[in-house]
Amino acid sequence: MSFSSLGLSEQLVRATSDQGYDTPSPIQAQAIPAVLSGRDVMAAAQTGTGKTAGFTLPLLQRIGENPRTGKGPRALILTPTRELAAQVHDSVNLYSKYVPTKAAVVFGGVKINPQMMKLRKGLDVLVATPGRLMDLYQQNAVRFNEVEILVLDEADRMLDMGFIRDIRKILALLPAKRQNLLFSATFSNEIRTLAKGLLDNPVQVEVAARNTAAESIKQSVYPVDQSQKTALLSKLVRDNAWEQVLVFTRTKHGANRLTQKLERDGITAAAIHGNKSQGARTRALADFKQGEVRVLVATDIAARGLDIKQLPQVVNFELPNVPEDYVHRIGRTGRAGESGHALSLVSADEGKMLAGIERLIKMQLPRTSVEGFEPTNNLPLKPKAKADPSRARNRNGNGGKPRSFGAKPAGRSGGRSQNGGGGQGRRSPARQSA
Ligand code: AMP
């Protein structure tokens with residue numbers, strides 16, 4: 001199959017060849033014709049599936065069919081984070097190389113005035129984070145009366161980050177007649193409710209989640225005391241001569257602290273999280289990609305949408321509070337047929353989180369111990385009894401797929417509801433980081 005057989009114009013096909021793509025990815029093969037037909041689309045797709053080109057290419061073709069009459073925007077792409085917004089904007093620029101479409105990106109955390117100027121000049125495609133877009137609207141810097149196509153990218157993450165009110169406000173301002181595309185990695189009740197109100201008889205697109213099966217990803221757990229984690233990580237980086245490793249921490253402070261300690265140990269490291277300026281984040285990512293920094297330490301929200309391909313190593317320095325984040329994290333390794341290794345340093349106090357993850361992925365992760373780093377308190381070896389499914393659904397918002405939560409982990413039975421999660425509340429809304 002080729003991009004031209006999907007109905008894309010010669011200019012757009014040429015832009016994909018310039019990128020070195022010869023075959024459409026599964027999500028592209030399904031989404032491109034659907035978007036070109038003018039229908040609404042609801043797509044289950046994660047980062048790494050080629051989803052961005054899946055909506056950008058047909059969107060460019062559709063708005064290219066007629067010239068712009070006003071200042072635009074005619075296509076509006078909403079994303080949860082500034083990193084993702086910047087990446088989507090880069091993709092739009094790449095794919096629109098041979099067409100006259102103009103695009104811009106706006107996000108929070110940087111000055112608003114230059115963004116106002118850009119909008120005033122007129123544009124076809126606007127990529128935006130919801131909070132900043134509303135600010136711009138309130139300051140009369142943007143109008144929505146010409147919007148023909150709306151894309152919600154990583155809709156699940158936008159809801160997680162507390163953007164639902166901004167999204168609803170924006171939706172209410174858009175022309176009623178428009179095409180809507182919703183991309184989301186997971187489909188919780190909340191997303192389904194949003195989709196129901198937004199999409200008109202959508203084409204549903206789904207590709208096998210490569211993360212959950214994750215056969216190409218070797219996963220392991222290293223039980224270790226909290227106080228020994230940094231030393232163990234340094235040792236692993238050194239002993240295994242890892243040159244590029246993405247490390248996840250739960251908090252921004254944790255990311256900073258770990259980065260400093262690694263640097264003190266002589267391992268080049270940089271942190272990327274919501275408190276860093278856009279410039280600092282871009283620099284850290286560039287240094288990491290170029291191999292000048294061996295360890296990139298990130299929080300979940302900052303890492304989401306980072307365009308880093310096929311990392312051999314992902315380390316969970318701390319387990320995430322939300323089990324789905326584990327799946328997102330390990331999805332950063334083992335992409336596109338490459339094998340990868342995701343390892344988690346787990347201290348005794350994280351036993352419940354580990355159990356939650358093992359329930360979600362329906363497998364027990366192998367434990368590996370390192371001499372000299374044996375934990376003083378053992379981790380529970382097996383996931384504990386099933387969680388109360390209604391509770392799990394509430395916490396994880398996965399009402400649409402109760403089986404993946406209610407299911408028993410391999411080799412376990414047990415009916416008692418786990419009394420876990422006391423200190424593991426949801427991630428706090430993180431609007432400030434977008
Ligand atoms: P995305 O899921 O949109 O973040 O895309 C993941 C990566 O795959 C990006 O770096 C794209 O440049 C790349 N990509 C997208 N489509 C294709 C394709 N058809 N063939 C090869 N690589 C692609």
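Just so you know, these numbers come straight off a predicted model, no measurement behind them. Only heavy atoms go into these numbers, but all of them, side chains included; no hydrogens, no water, no symmetry mates.
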Practice task
Show your reasoning for whether side-chain contact (heavy atoms from CB on, under 4.5 Å) applies to Val314 and Leu343.
Solution key: CA-CA 6 Å; Val314 169; Leu343 64 86; over 6 Å; no
Set out, in order, the CA-CA distance, both residues' side-chain angles and the distance that settles side-chain contact (heavy atoms from CB on, under 4.5 Å) for Leu345 and Leu232, then state yes or no. CA-CA 9 Å; Leu345 309 186; Leu232 178 56; 3.9 Å; yes
query: Do the rings of Tyr137 and Phe144 sit parallel, tilted or perpendicular, given the 30° and 60° boundaries?
result: parallel
CZ (Arg14) and CG (Leu8) are apart, to the nearest 0.5 Å, by 13.5 Å
To the nearest 0.5 Å, atom CG of Leu365 lies from atom OH of Tyr222 at 12.5 Å
- Query: For the side chain of Ser344 and the backbone of Val346, is there at least one donor-acceptor N/O pair under 3.5 Å apart?
  - Reply: no
Rounding to 0.5 Å, atoms CG (Leu171) and CG (Leu150) come to a distance of 6.0 Å
Those residues at least two apart in sequence (or on a different chain) that pass side-chain hydrogen bond (donor to acceptor under 3.5 Å, both in side chains) with Ser4 are Ser2
TODO: Apply salt bridge (charged side-chain N to carboxylate O under 4.0 Å, His left out) to Glu350 and Lys229, showing your working.
DONE: CA-CA 13 Å; Glu350 295 174 297; Lys229 281 188 176 183; 2.8 Å; yes
Any side-chain heavy atom of Val106 sitting closer than 4.5 Å to one from Thr129? no
* Return yes when atom CZ of Arg143 has more than 12 non-hydrogen atoms of other residues, nucleotides or ligands closer than 6.0 Å, and no otherwise. => no
**Request:** Report yes or no: does Thr101 contribute a side-chain atom to a donor-acceptor pair with the main-chain N or O of Ser96 at less than 3.5 Å?
**Result:** no
Heavy-atom closest pair (Gly70 atom, Glu146 atom, distance to 0.1 Å) is N-OE1, 3.1 Å
Please tell me if the side chains of Leu262 and Ser234 come closer than 4.5 Å, counting only heavy atoms from C-beta onward. yes
With sequence neighbours left out, the residues meeting ring pair (Phe, Tyr, Trp, His ring centres under 6.0 Å) with Phe373 are none
Taken in chain and number order and not counting sequence neighbours, the residues that satisfy side-chain hydrogen bond (donor to acceptor under 3.5 Å, both in side chains) with Arg68 are Asp124
Is there a side-chain contact (heavy atoms from CB on, under 4.5 Å) between Leu6 and Leu57 once you walk through the steps? CA-CA 11 Å; Leu6 297 178; Leu57 289 165; over 6 Å; no
- Query: Can you check whether Leu59 reaches Val125 side chain to side chain, under 4.5 Å on heavy atoms?
  - Reply: yes
- Query: Is the side chain of Lys118 donor-acceptor paired with the backbone N or O of Val105 at a distance under 3.5 Å, no angle test?
  - Reply: yes
Test item: side-chain donor near acceptor, Thr193 and Glu190, under 3.5 Å: no
### Task
Dump the intermediate steps for side-chain hydrogen bond (donor to acceptor under 3.5 Å, both in side chains) on Gln244 and Arg294, then the final yes or no.
CA-CA 5 Å; Gln244 222 184 20; Arg294 270 171 105 174; over 6 Å; no
Sequence neighbours excluded, the answer for ring pair (Phe, Tyr, Trp, His ring centres under 6.0 Å) partners of Tyr95 is none
Taken in chain and number order and not counting sequence neighbours, the residues that satisfy side-chain contact (heavy atoms from CB on, under 4.5 Å) with Ala270 are Ala284, Val293, Leu296
In terms of heavy-atom contacts, Phe317 and Leu233 come closest through CD1-CD2, 4.0 Å
For Lys71 and Arg120, indicate whether the former's side chain and the latter's backbone hold a donor-acceptor pair under 3.5 Å.
yes
| task | Please lay out, stage by stage, how Arg281 and Glu83 fare under the test salt bridge (charged side-chain N to carboxylate O under 4.0 Å, His left out). | result | CA-CA 9 Å; Arg281 295 206 237 181; Glu83 277 84 11; 2.5 Å; yes
Heavy-atom distance under 4.5 Å between the side chains of Pro320 and Val322, does that happen here? no
- Charged N to carboxylate O below 4.0 Å: is that the case for Glu324 and Arg359? no
The complete set of salt bridge (charged side-chain N to carboxylate O under 4.0 Å, His left out) pairs with one or both residues in residues 87-106, sequence neighbours excluded, reads Asp18-Lys97
side-chain hydrogen bond (donor to acceptor under 3.5 Å, both in side chains) filter on Glu318, not counting sequence neighbours, yields none
The complete set of salt bridge (charged side-chain N to carboxylate O under 4.0 Å, His left out) pairs with one or both residues in residues 36-51, sequence neighbours excluded, reads Lys51-Asp153, Lys51-Glu154
Smallest heavy-atom separation, Asp166 atom then Pro130 atom, equals CB-CB, 3.8 Å
Cut-off 3.5 Å, side chains only: do Arg132 and Gln115 have a donor facing an acceptor?
yes
**Report entry** Phe55 side chain near Ile32 side chain, heavy-atom distance below 4.5 Å
**Finding:** no
The single option from Thr259, Asp300, Thr299, Asn256 that satisfies side-chain hydrogen bond (donor to acceptor under 3.5 Å, both in side chains) with His273 is Asn256
Those residues at least two apart in sequence (or on a different chain) that pass salt bridge (Lys or Arg N to Asp or Glu O under 4.0 Å) with Lys261 are none
task = With side-chain contact (heavy atoms from CB on, under 4.5 Å) as the test, would you mind laying out the steps for Arg178 and Glu148 before giving the verdict?
result = CA-CA 5 Å; Arg178 59 171 199 265; Glu148 298 160 39; 5.6 Å; no
In this structure, CE of Met158 is separated from CD1 of Ile164 (nearest 0.5 Å) by 9.0 Å
- Task: Determine whether Pro202 and Val41 make a side-chain contact, defined as any pair of heavy atoms from C-beta on separated by less than 4.5 Å.
- Result: no
When every non-hydrogen atom of Leu182 is compared with those of Ala155, the smallest separation belongs to CG-CB, 4.2 Å
Interatomic distance, NE2@His341 vs CD1@Ile330, rounded to 0.5 Å, equals 10.5 Å
Contacts of Ala86 meeting side-chain contact (heavy atoms from CB on, under 4.5 Å) (sequence neighbours excluded), chain-then-number -> Phe107
Residues Gln28 and Gly50: closest non-hydrogen pair is NE2-O, 2.9 Å
Across all chains, not counting sequence neighbours, the side-chain contact (heavy atoms from CB on, under 4.5 Å) partners of Glu292 are Asp287, Gln290
Ala103 and Val92 have their tightest heavy-atom pair at CB-CG1, 3.6 Å
With sequence neighbours left out, the residues meeting salt bridge (Lys or Arg N to Asp or Glu O under 4.0 Å) with Asp239 are Lys235
(message) Does any part of the side chain of Val315, heavy atoms only, come nearer than 4.5 Å to the side chain of Trp242, both counted from C-beta?
(response) yes
Rounded to the nearest 0.5 Å, the CD atom of Gln364 sits from the CD atom of Glu358 at a distance of 5.0 Å
Taking the side chain as C-beta and beyond, is there a heavy-atom pair between Met42 and Val203 under 4.5 Å? no
